[in-house]
Each structure stands twice: as structure tokens, then as C-alpha cells.
**Student:** 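Pasting a structure here, questions to come.
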Amino acid sequence: MLKKQKEWQQRGFIDESIDGGIDLKKEIRRMCEEKNAIILAHYYTVGEIQEVADFVGDSLALARKAAETDARMMVMCGVHFMAETCKILSPEKVVLAPDLNAGCSLADSCKAEDLKKFKDEHLGYQVVSYVNTTAAVKALTDVVVTSGNAKKVIDTFPKDAKIIFGPDYNLGNYINSVTGRDMLLWNGGCHVHERFSVEEIVKLKAEHPQAVVMAHLECKAPVLAIADVVGSTAVMLKYAQEHDEREYIVATEAGILHEMQRTCPDKQFYPVPPEVSEGGIGCSCNECQYMKMNTLQKLYNTLKYEWPAIEVDPDIAREAVKSINRMLELS
């Protein structure tokens, strides 16, 4: 078995063929109780992962839960930077991730060495980084933000503050537009949200004229301009839960529709398709293939073998936690 586990580690993910035929959900919950473990799942993971999780939420909610939990172990079903954030906030706890290959195109668009060089070229600027970044980038950051709290955090800075905002250009551009600021923007983006287009939304609106159009802040400016509701996944979910409209056109990763439909069973939600299929990661659909790497089989194996565990360099973690804690204090 140790030899097999080493092979899995070299491959970067857990073999899905093990222990087939069992009631995975039941065994996962049994092991959570036995091991004093909790499962955190992002809204973009597949429905069956969300159903077995202890807590489902967006990036901000998951970070808060990671900081508050008294469990011995947590499994982050999301992408790698989310598991890193959990470990940074709870260094004494065991933090597991079902698949180490579950990365993030947005986080990949901003390397720590590139950000450091950019900071050196712009002395006197403070760095505000989107949570979709590596631990090393967070260590170079003054305060982290999510799509749900970015404006609130930026509003705490003096009006004349010099700010570098990254890596999501679309989110930074939106914050500039609603605050009147002129932050320097990193040119990064999410491969899913970049593909939503006005044309596809217009087509859906023609089919469902009464539908409310909701768009995530990682979408491009023209998409946000025609949306009735703009915000984080949590903002969109709350709007659907609290309003009377019966139909919604949703421009974000399609995984959120599972929670929307679960909490609003009498309403209809229509995912916006991508504009074009041009080849590359995730271009043929409105789903993040990284989030979908989290499966029940991998989650089961992760809990069973308590591997793969996330580790963050202590020196990096010591600096990164400052920017995360500042976000939690301000929001």
C-alpha cells in the first residue's frame, strides 16, 4: 500500500479505482466523525460533493470557517489556493485536498516573482490581492479580498492611496468604476468567466424575457453592464433566495446552480454558455475543470489515508496570514 501511495503522490492525484462498490457518502460521513474532520466545499464543486460537505460557501465564507473550526482535520474541496488558505489560517491542523492538480488559472496568472518585480518598480504602492492567489503572492500582499468584500475593503483606504490590484483585471476594473479610483491593475483573469459574452446572454434573455440576469464580478465589463445583479456567488444566491422573480440567467461557473436549485426549488436557473469553443482548458462549457477534479472517490481516499496533506513554507505562511487576517478584520 505504501508503494501505491507513493505512486499516487508522484502522479499528483489519488487513484480513483480503490474501494469501489461501497456507499461512499456514508463512509465519508463516518470517517469525518471518527477522525474529527470537516469537509469544506466551494459552490463550484459537483453537486454530490456539496451534498456530503459540512459547509458549502464562497471563498470568503470558506476562509472564515477555516479560521473558526475546532476540528482536528479539514478537507478542502475546491482548488489548491483554497487549501493553502486553510493551512495558513490553521497551521496546527491537518489540511487535506482531494486532488493536488486542482489549480486555478487566475492564480497561475500572477507569479510571486513577477509581483515582487512589479512592486519594486512601483515603490509606495500597497498591494491588494484577490484571494485567488498562491500563498507566496499573499505573502507579498497588504490585504487580501474576495469578490464579495473587495469594494468594502478598498473603501477603507484613503482616497489618494496608491494601490496595485491583482490578479483579476475584471474585478479590479469594476472596483475602479464604482469607487472612482485609479488602481494599477494586474492583467489576469479566470478562464471560465472570461468566456461569458453579451451575445449569449442576449440570446437567453430573448428566450426568457422575464428572467433576472446575474453576473459574477470576474466577468468582463460589457457583461456586467447588462446584468441586473452583479456580485459574488454568495450575493447572487442570496438575491435569488430573497426575491420573488421566478427565472434567473446566471453568468458564473455552473456549479452554483446546484445550491440555487436546492434552496429555491420553485425557481428556474439558466446557465450562460461560453461564447466560443476555441480549444484549451474548460472552453467547451461553463464549468471549471479544476473544481470538477474533486470527486467522491478522491474525497473518500483522502479521508481514509489522510493524504495528500497541504503544507506551506513557514516563512511564507507567517507573512501571508497577515494579509488574510487583515481582510477578515475589515470585512
**Student:** If you count the non-hydrogen atoms of other residues, nucleotides and ligands that lie under 6.0 Å from NZ in Lys117, is the total more than 12?
**Tutor:**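 Open: at most 12 neighbouring heavy atoms sit under 6.0 Å from NZ of Lys117.
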**Student:** Mind telling me whether His191 and Tyr290 have parallel, tilted or perpendicular rings, with 30° and 60° as the class edges?
**Tutor:**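 The arrangement is perpendicular - the two ring planes meet at more than 60°.
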**Student:** May I ask you to decide whether Asp266 forms a salt bridge with Arg246, counting only side-chain N to carboxylate O separations under 4.0 Å?
**Tutor:** yes
**Student:** Would you name the heavy atoms of Cys77 and Ile39 that are closest together and state the gap between them?
**Tutor:**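 The answer is SG-CG2, 4.0 Å.
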**Student:** Could you report the tightest heavy-atom contact between Asp54 and Ala37, atom names first, then the distance?
**Tutor:**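 Closest approach of Asp54 to Ala37, heavy atoms only: OD2-O, 4.2 Å.
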**Student:** Counting only heavy atoms from other residues, nucleotides and ligands, does the tally under 6.0 Å from CD of Gln210 exceed 12?
**Tutor:** no
**Student:** What do you reckon, is NZ of Lys292 surrounded by more than 12 foreign heavy atoms closer than 6.0 Å?
**Tutor:** yes
**Student:** Check step by step if side-chain contact (heavy atoms from CB on, under 4.5 Å) holds for Met73 and Asn36.
**Tutor:** CA-CA 6 Å; Met73 175 189 304; Asn36 187 19; over 6 Å; no
**Student:** Does a sphere of radius 6.0 Å around CD in Glu207 hold more than 12 heavy atoms from other residues, nucleotides or ligands, not counting ones at 6.0 Å or beyond?
**Tutor:**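 Yes, because the 6.0 Å sphere around CD of Glu207 holds more than 12 heavy atoms from other groups.
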**Student:** What closest approach, in Å, do Asp58 and Tyr43 show between heavy atoms, and which atom pair accounts for it?
**Tutor:**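 Residues Asp58 and Tyr43, closest heavy atoms: N-CE1, 3.4 Å.
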**Student:** If you count every heavy atom of other residues, nucleotides or ligands that lies below 6.0 Å from Lys116 atom NZ, does the total exceed 12?
**Tutor:** no
**Student:** Do Lys65 and Glu68 meet the salt-bridge criterion of a basic N to acidic O distance under 4.0 Å?
**Tutor:** no
**Student:** Under 6.0 Å between ring centres, would you say that holds for Phe118 and Trp186?
**Tutor:**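 Ring centroids of Phe118 and Trp186 are less than 6.0 Å from each other.
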**Student:** Would the distance check show the side chain of Asn149 and the main-chain N or O of Thr146 forming a donor-acceptor pair, the cut-off being under 3.5 Å?
**Tutor:** yes
**Student:** Between the side chain of Lys93 and the main-chain N/O of Ala71, is any donor-acceptor distance below 3.5 Å?
**Tutor:**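 Side chain of Lys93 to backbone of Ala71: a pair is present.
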**Student:** Less than 4.0 Å between a side-chain N and a carboxylate O, is that true for Glu319 and Lys322?
**Tutor:**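 Counted as a salt bridge, because a side-chain N and a carboxylate O are separated by less than 4.0 Å.
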**Student:** Is it the case that over 12 heavy atoms from other parts of the model lie below 6.0 angstrom from the CG atom of Asp315?
**Tutor:**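 Correct, the count exceeds 12.
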**Student:** Do Lys205 and Glu247 sit within salt-bridge range, that is, some charged N less than 4.0 Å from a carboxylate O?
**Tutor:**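 Salt bridge absent between Lys205 and Glu247.
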